[in-house]
Novice: 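Here it is: the structure, laid out below.
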Amino acid sequence: MRKAGSSGRKGNPMPNVSFHDLSQLDAASRAALMRRSETDLSGFMEKAVPIIEAVRTEGDAALVRFARDFDKADLDAARLKVSPAEFDAAFGIVDEDVIAAIRFGIDNIRHFHEEQKPEAMWLKEMRPGAFAGDRFTPIRSVALYVPRGKGAFPSVTMMTAVPAVVAGVPELAIVTPPAPDGSVDAATLVAARLAGVETVYKCGGAQAVAAVAYGTETIKAALKIVGPGSPWVVAAKRLLAGVIDPGLPAGPSEAIILADDSVHGGLAALDLLIEAEHGPDSSAYLVTHSRRVAEEALAALPEHWARMTEQRVAFSTAVLTGACGGIVLTASIEESYRFINDYAPEHLEILSTDPFAHLGHITEAAEILMGPHTPVSIGNFGLGPNAVLPTSRWARTCGPLSVTDFVKRSSIGYVTAAAYPEFARHARTLARYEGFSSHEHAVSDVRDRYLAR
């Protein structure tokens, strides 16, 4: 890896963006590019253990203490749950254009997930008189985690709450960190109510995961928790996986921008910053086989940074100059495909005038946004598909949050009297071979005698 820099606006030097010429890297250096900030959670897990135990044994008192210590929040147990008055007030605080954008996004997300919802039950006749199928029923209770540490995320509320409501989950609750004054982000409350969720608790981090896993005096225990979070949240989910279903592994943001030589590198640089600005623990790469695109991207970054807030410049700079971000120059488009499939990104954007030419070569990505008019911003804020996505290479085995994450599947079987003899005969044969005598007897003449009564 080498550092690449250029002159910024008004002569200010640009930070040295990490530049990786893939053809010059050895196997160890290539492997290092696959790392995410949460790859090693051992330190977080060790520190999360006493937090979890305190919540388990002390309940609300621990949540209030941790809100003060970690969130600097002025809070007491009576205010852990958002009141109806706080919900009502939120609609007077949030600008009308923001509410309109939330409504727009929720409408699209709801339409998408309604199409995704499986039919309540299906049965197919496997053989004459023998039927098998599936039945889908909602999970009874689910907690939705909405982060706040590096910003406010009503979009996460939209992405988690809408499919849960569409799925028909009867008990839904949002957990989200409080502000120093003990409030919850107003737009998050607006999104929650518009999506159909009226229960919101003021707690975040590992303590929130513990609260919904064990329950407290105020917070009702849930069967499952979904939503992205910091390494603290991810660590707590892993530690409590035997108590609560931790949902899909959604940690700090990560993205790859794949750009071919049909686009300007400045556009690639613009979109590279989208996920990089989430925080210094994000991961973001521009992957291209075009040196022109790479150089144009480097040249454009100062102008893009000049339009961003100081905090987001600091976050994205940390990512693009660090070990989990920057520009990856490949020898060919085929090598770009291989790198992406090895990396298995959370977000993949294909910047090309012909994105469908590349789509068939990508097999490992949780979200694929195609073409110069589909930046990650649009995916994150309401195109329809869910933007809560698996991170840390889990895209190799699981996909985005969906309606199916909020339902459980039961297999259904029904064999008629006419079909029973054939199935019983084959079952007896295999039961005898495997040495299960009770299996065998249950489909033998013993059963026949009972059925004949």
Side-chain angles (χ1 to χ4, degrees), residues 1-25 29-30 32-37 253-340 343 345 347-353 355 358 369 371-377:
M1 178 187 79
R2 66 180 177 86
K3 297 290 186 176
S6 68
S7 295
R9 295 175 70 178
K10 299 181 181 179
N12 295 325
M14 190 185 80
N16 290 323
V17 174
S18 300
F19 190 93
H20 312 272
D21 188 337
L22 210 58
S23 64
Q24 303 300 312
L25 300 184
S29 298
R30 287 184 179 224
L33 295 181
M34 301 294 145
R35 287 182 58 84
R36 274 67 155 186
S37 62
S253 300
E254 56 185 59
I256 285 181
I257 309 301
L258 170 63
D260 66 16
D261 56 7
S262 69
V263 297
H264 194 284
L267 184 63
L270 187 68
D271 290 355
L272 179 63
L273 292 168
I274 296 172
E275 291 302 296
E277 75 170 346
H278 270 280
D281 55 358
S282 298
S283 304
Y285 289 110
L286 165 60
V287 177
T288 182
H289 65 290
S290 168
R291 186 170 290 274
R292 172 191 61 78
V293 168
E295 291 175 350
E296 288 175 349
L298 281 170
L301 280 169
E303 180 180 353
H304 299 331
W305 266 317
R307 297 170 63 88
M308 294 165 57
T309 64
E310 185 176 343
Q311 182 191 48
R312 300 302 166 178
V313 170
F315 287 165
S316 57
T317 298
V319 173
L320 298 185
T321 61
C324 295
I327 296 175
V328 176
L329 180 65
T330 64
S332 64
I333 189 64
E334 290 76 19
E335 189 173 46
S336 294
Y337 300 148
R338 287 193 294 272
F339 179 85
I340 292 166
Y343 191 88
H347 302 274
L348 172 66
E349 199 180 299
I350 301 178
L351 275 183
S352 170
T353 55
H358 303 298
L369 300 171
H373 298 96
T374 321
V376 174
S377 308

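No experiment lies behind these values; they were computed from the predicted model shown. This chain uses plain numbering: 1 for the first residue, then up along the sequence.
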Novice: Grab the two heavy atoms, one from L351 and one from P372, that are nearest each other, plus how far apart they are.
Specialist: CD2-CA, 3.7 Å
Novice: List the residues meeting ring pair (Phe, Tyr, Trp, His ring centres under 6.0 Å) with H358, not counting sequence neighbours, and say none if there are none.
Specialist: Y337
Novice: Side-chain atoms of residues 264-273: list all donor-acceptor pairs with protein atoms under 3.5 Å, sequence neighbours left out, distances to 0.1 Å.
Specialist:
unit_1: H264; atom_1: ND1; unit_2: G266; atom_2: N; d: 2.8

Novice: Indicate the atoms forming the closest heavy-atom contact of V293 with A259, along with that distance.
Specialist: CG1-CB, 3.9 Å
Novice: Mind checking salt bridge (charged side-chain N to carboxylate O under 4.0 Å, His left out) for E335 and listing every partner two or more places apart, or none if nothing turns up?
Specialist: R30
Novice: How long is the gap from CZ on F339 to NE2 on H289, to the nearest 0.5 Å?
Specialist: 15.5 Å
Novice: Any chance you could measure L369, atom CG, to I257, atom CD1, to the nearest 0.5 Å?
Specialist: 8.5 Å
Novice: Can you tell me if T317 uses its side chain to pair, donor with acceptor, with the backbone of A314 under 3.5 Å?
Specialist: no
Novice: For L25 versus L33, what's the shortest heavy-atom pair and its separation?
Specialist: CD1-CD1, 3.9 Å
Novice: Quick one: list whatever passes salt bridge (charged side-chain N to carboxylate O under 4.0 Å, His left out) with E254, sequence neighbours left out.
Specialist: R36
Novice: Residues in side chain to side chain donor-acceptor pair (under 3.5 Å) with S316, at least two apart?
Specialist: W305
Novice: How far does OG of S29 sit from CG of D21, to the nearest 0.5 angstrom?
Specialist: 12.0 Å
Novice: Checking S18 side chain against G322 main chain: does a donor-acceptor pair fall under 3.5 Å?
Specialist: yes
Novice: Any side-chain heavy atom of F19 within less than 4.5 Å of one from L298?
Specialist: yes
Novice: According to the salt bridge (charged side-chain N to carboxylate O under 4.0 Å, His left out) rule, which pairs have a member within residues 256-265, sequence neighbours left out?
Specialist: none
Novice: Taking the side chain as C-beta and beyond, is there a heavy-atom pair between L258 and I333 under 4.5 Å?
Specialist: yes
Novice: For R338, check side chain to side chain donor-acceptor pair (under 3.5 Å) against everything at least two apart and list the hits.
Specialist: none
Novice: Mind checking what makes side chain to side chain donor-acceptor pair (under 3.5 Å) contact with T309, not counting sequence neighbours?
Specialist: none
Novice: About how many Å separate CG of L329 and OG1 of T288, when rounded to the nearest 0.5 Å?
Specialist: 7.0 Å
Novice: On a heavy-atom basis, which atom in A276 and which in A284 lie closest, and how many Å separate them?
Specialist: CB-CB, 3.9 Å
Novice: Counting C-beta onward and ignoring hydrogens, is there a side-chain heavy-atom pair between L320 and L301 closer than 4.5 Å?
Specialist: yes
Novice: Could you tell me if the side chain of S283 sits less than 4.5 Å from the side chain of Y343, heavy atoms only?
Specialist: yes
Novice: Under the criterion side chain to side chain contact (heavy atoms under 4.5 Å, CB included), I'd like the reasoning laid out for T374 against E349: C-alpha separation, chi angles, the key distance, then a yes or no.
Specialist: CA-CA 8 Å; T374 321; E349 199 180 299; over 6 Å; no
Novice: Which heavy atom in V17 sits nearest to a heavy atom in G326, and how many Å separate them?
Specialist: CG1-CA, 4.1 Å
Novice: With rounding to the nearest 0.5 angstrom, report the CG to NE2 distance, L286 to H20.
Specialist: 11.0 Å
Novice: So which atom in F315 and which in P280 form the shortest heavy-atom distance, rounded to 0.1 Å?
Specialist: CD2-CD, 3.3 Å
Novice: Using side chain to side chain donor-acceptor pair (under 3.5 Å) as the criterion, list what pairs up with S253, not counting sequence neighbours.
Specialist: E275
